[in-house]
Amino acid sequence: MLLADIARTSREVAATPARSEKIAALALLFRRTEPHEAPVVITYLAGRLPQRRTGVGWSTLREHREPAAEPGLTVLEVHETLDRIAAVSGKGAATERTRLVDGLMTAATEEEQRFLFGLIAGELRQGALDALAIEGLAAATGAAPEDVRRAVMLGGSLGAVAEALLSYGPEALTGFRLEVGRPVLPMLAQSAKDVDEALDQLGPGAVAVEEKLDGIRVQVHRDGDDVRIYTRTLDDITDRLPEVLAAARELSVESAVLDGEVIALDTEGRPRSFQEISSRVGSRLDIAGAQQTLPLFPVFFDLLAVDGRDLLALSTRERHAELARVTPEPRRVRRLVADDPNDPETRRAVREFAADVLARGHEGVVVKSLDAPYGAGRRGASWIKVKPVHTLDLVVLAAEWGHGRRTGKLSNLHLGARRPDGTFAMLGKTFKGLTDSLLAWQTERLRELAVSDDGWLVRVRPELVVEVAFDGLQRSSRYPAGVTLRFARVLRYREDKTAGEADTVETVLAMR
DNA sequence: TTCCGACAGTGGGGTCGCAAT
DNA sequence: ATTGCGACCCCACTATCGGAA
């Protein structure tokens, strides 16, 4: 198959807003795909590369290359070139990567260049990713979409499922089931603003309220003495976490798949900051040294398989009973079971539990329906997280022009807190929380206040006050106050306030 | 007919390791 | 020694389509 076929399909997919038409266009192409090229074709049309990393990003791609007049590149040819690019390392690597990218791009037509740019940079913007590729694959092969989705979640790879389906048809899907040693996409949680809202959303059934730890999510597979540890995106990080490996080997099981969080504790047993944990888990070179400096502590909250049994379809209640059987107390997340979430006494107990979790220094709680199965790869309605929210009234110092559907709109706001001398200290940026009408309003308003515009950043007179919500402060080496906001989002503009009434740096630092 | 679940898009800060400066 | 880049941890929120209710 030619790259041109993929690029054209991508353009067609992007051209229609209707998901049904996107799926139809994808299915049309998958019907013409040979099984051996399916893993590459479907991954490209899901907007990703099969290579986990290539070393090529926006900076390497942006330079103009003269396009070819006629299409000639095959999909597998492109795939091999990217394999070669990904393998480049050592002195002169950047030059060599650029040379290979030059060769690829000059062999591509203008349409193919656009496609490759979006694909490699990870911003294809065709309105379809894995989920619609799965739908298209199902349509092309006559398989049930839900069965295909399930196979991908359990098989861990869209490409492998596509190849099997195109080779053997829908019957091939039964071969994809949970296997110890092969990671499964983890279940994710929705959010609510407080525990009462979370309980209301879950309905009348029994729930568990669990502490939410602020660390790195891990999926631990143990098969005898063999242990593998995966991140949320299924990256294998076994080598970096000897403590987790040891903890898995201590369990009284032959085999198991566990879901949990890795954190670190200080000498009083209080959790260390996310930044410290992230630094430790991210360290790959001197593991022994890193382990000395910051020992990690894995805590588990779910069990997906044990001793040959697949527990995914069991209820949270049943899975947790198994977890409790095989995992010692300190290795499990603290939790409270509420059989009748509508009982006022129970609600009080839940609120108290949540307050206690926060007092212990943790991030919040996750409220889980006890009757739901493990929804691999789903942001299911049966897990709901609750974290405290802070707010500040900050001054807009500048705004960046948006991209994609926000082209022509001032989108990303630079936020500042007041200093005593009347100047402002930038605390970070945000683009979140803006509706289309607010986006239009702020674009107009900020243009009136503009003092400069370099095509990327519009600086404005610091007059507009915006109320910003955020999860907490983090240390920052980039911003002048030494702190920045975690997960900042706009709540509303405060037109009733002047910049002189905005929150001060002092107020912000007092929140630490 | 209305409601709502799933999806994609739009980007945030920090951290590491590597290569270039 | 410092800086820029790519990759990957953490992630919130809105708009939209189309099936469910």
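Only a predicted model underlies this, so the values are computations on that prediction, with no experimental measurement involved. Naming: A, B, ... by sequence-line order, numbering from 1 per chain. Excluded from the calculations below are hydrogen atoms, water molecules and symmetry mates; all remaining heavy atoms, backbone and side chain alike, are included.
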Open item on the list: Minimum heavy-atom separation for A:Val56 and A:Thr60, please, with both atom names.
Closed with: CG1-CB, 3.9 Å
TODO: Taking only the side-chain nitrogens and oxygens of A:Ser59, find out if one of them lies under 4.0 Å from OP1 or OP2 of C:dC5.
DONE: yes
- [ ] For the residue pair A:His414 and A:Glu400, confirm or rule out a side-chain donor-acceptor distance under 3.5 Å.
- [x] yes
Task: Least distance between heavy atoms, A:Ala198 atom then A:Val386 atom - done: CB-CG2, 3.9 Å
Open item on the list: Side chain of A:Gln474, heavy atoms from C-beta onward: which of B:dG14, B:dG9, C:dC11 has the nearest atom to it?
Closed with: B:dG14
Open item on the list: Testing the 3.5 Å rule here: is there a donor-acceptor pair between the side chains of A:Gln51 and A:Thr54?
Closed with: no
Open item on the list: Output the rounded distance in Å from CD1 (A:Ile134) to P (B:dA8).
Closed with: 9 Å
Task: Which nucleotide in B:dG11, B:dG13, C:dC9 has an atom nearest any side-chain atom of A:Thr484 - done: B:dG13
TODO: Figure out the CG/P separation between A:Leu124 and B:dA8, and round it to whole Å.
DONE: 12 Å
TODO: Cation-pi check, A:Arg62 to A:Phe117: give yes when NZ or CZ is under 6.0 Å from the six-membered ring centre and within 45° of the ring axis, no otherwise.
DONE: no
Open item on the list: Tell me the interatomic distance from A:Glu400, atom CD, to B:dG11, atom C1', rounded to whole angstroms.
Closed with: 9 Å
Open item on the list: Can you measure A:Arg217 atom CZ to C:dC8 atom P for me and round it to whole angstrom units?
Closed with: 18 Å
Open item on the list: Under 4.0 Å, counting only non-hydrogen atoms across every strand here, what does A:Val56 touch: a base, just sugar-phosphate, or nothing?
Closed with: sugar-phosphate
Open item on the list: With a cut-off of less than 4.0 Å, is there a side-chain N or O of A:Ser278 near OP1 or OP2 of C:dC10?
Closed with: no
TODO: Could you tell me whether A:Ser191 contacts a base, only the sugar-phosphate backbone, or nothing, with contacts defined as non-hydrogen atoms closer than 4.0 Å?
DONE: nothing
TODO: Verify the neighbour count for atom CD of A:Glu243: are there more than 12 heavy atoms of other residues, nucleotides or ligands below 6.0 Å?
DONE: yes
TODO: For A:Ile216 and for A:Arg284, locate the closest nucleotide of DNA chain C by heavy-atom distance; then report the residue assigned to the nucleotide nearer the 5' terminus.
DONE: A:Arg284
Task: Among B:dA19, C:dA12, B:dT15, the nucleotide that comes nearest once only the side chain of A:Arg489 is considered - done: C:dA12
Task: Option passing side chain to side chain contact (heavy atoms under 4.5 Å, CB included) with A:Pro341 (candidates A:Asp196, A:Leu202, A:Val207) - done: A:Val207
TODO: Please state whether the phosphate of C:dC9, meaning OP1 or OP2, lies under 4.0 angstrom from any side-chain nitrogen or oxygen of A:Thr233.
DONE: yes
TODO: Remember a base hit wins even if backbone is also touched, and classify A:Ser279 as base, sugar-phosphate or nothing at under 4.0 Å, heavy atoms.
DONE: sugar-phosphate
Task: DNA chain C contacts made by residues 373-397 of chain A, counting heavy atoms under 4.0 Å - done: A:Lys385, A:Lys387
Task: Short side-chain N/O contact from A:Asn412 to OP1 or OP2 of B:dT10, under 4.0 Å - done: no
Open item on the list: Ignoring hydrogens and geometry beyond distance, is a side-chain donor-acceptor pair present between A:Tyr493 and A:Glu467 at under 3.5 Å?
Closed with: no
- [ ] Provide, to the nearest angstrom, the distance between the NZ atom belonging to A:Lys91 and the P atom belonging to B:dG17.
- [x] 22 Å
Open item on the list: When you measure from the side-chain N and O atoms of A:Thr54 to the phosphate of C:dA7, is any distance below 4.0 Å, counting only OP1 and OP2?
Closed with: yes
TODO: Cation-pi check, A:Arg272 to A:Phe297: give yes when NZ or CZ is under 6.0 Å from the six-membered ring centre and within 45° of the ring axis, no otherwise.
DONE: no
Task: Nucleotide of B:dC18, C:dC5, C:dC9 approaching A:Leu285 most closely (side-chain heavy atoms) - done: B:dC18
- [ ] Report the residue (A:His403 or A:Gly92) whose heavy-atom-nearest nucleotide on DNA chain B is the more 5′ of the two.
- [x] A:His403
- [ ] Please state how far atom CD in A:Glu146 lies from atom P in B:dG5, giving the value in whole angstrom units.
- [x] 16 Å
Open item on the list: A quick test of your reading: do over 12 heavy atoms of other residues, nucleotides or ligands sit less than 6.0 Å from CZ of A:Arg459?
Closed with: no
- [ ] Tell me which nucleotide among C:dC8, B:dG9, C:dC10 gets nearest to the side chain of A:Arg125.
- [x] B:dG9
TODO: Give A:Lys193 one of three labels, base, sugar-phosphate or nothing, depending on what nucleic acid heavy atoms sit under 4.0 Å from its own.
DONE: nothing
Task: Strand partner of B:dC3, provided both Watson-Crick or wobble distances fall under 3.5 Å - done: C:dG19
TODO: Mind calculating the distance between CZ (A:Arg478) and C1' (B:dG12) to the nearest angstrom?
DONE: 9 Å
Open item on the list: Categorize A:Glu123 for me: base, sugar-phosphate, or nothing, with a 4.0 angstrom heavy-atom threshold over every strand shown.
Closed with: nothing
Open item on the list: So A:Gly402, base contact, sugar-phosphate only, or nothing? Heavy-atom distance under 4.0 Å.
Closed with: sugar-phosphate
- [ ] Consider the side chain of A:Arg52, meaning its heavy atoms from C-beta on, and name the nucleotide among C:dC11, C:dC8, B:dT10 that approaches it most closely.
- [x] C:dC8
TODO: Check whether any side-chain nitrogen or oxygen of A:Ser411 sits under 4.0 Å from OP1 or OP2 of B:dG11, and answer yes or no.
DONE: yes
Task: Of all pairs that satisfy salt bridge (Lys or Arg N to Asp or Glu O under 4.0 Å), the ones with a partner from residues 362-379 of chain A, not counting sequence neighbours - done: A:Glu146-A:Arg378, A:Glu210-A:Lys368, A:Lys212-A:Glu363, A:Arg317-A:Asp371, A:Glu363-A:Lys387
- [ ] Name the nucleic acid region contacted by A:Lys432, choosing base, sugar-phosphate or nothing; use a 4.0 angstrom heavy-atom cut-off, strictly under.
- [x] base
TODO: Ignoring backbone atoms, establish whether A:Gln275 has a side-chain N or O less than 4.0 Å from OP1 or OP2 of B:dT15.
DONE: yes
Task: Contact nearer the 5' end of DNA chain B, comparing A:Ala93 with A:Leu427 - done: A:Leu427
- [ ] For the residue pair A:Gln126 and A:Ser10, confirm or rule out a side-chain donor-acceptor distance under 3.5 Å.
- [x] yes
TODO: Grab the CG-P distance between A:Asp239 and B:dG17 for me, whole Å please.
DONE: 14 Å
- [ ] Quick one, give me the B/S/- string for nucleotides 15-21 of chain C, reading 5' to 3', where B means a protein heavy atom under 4.0 Å from the base and S means that only happens at the primed atoms, P, OP1 or OP2.
- [x] SBBS---
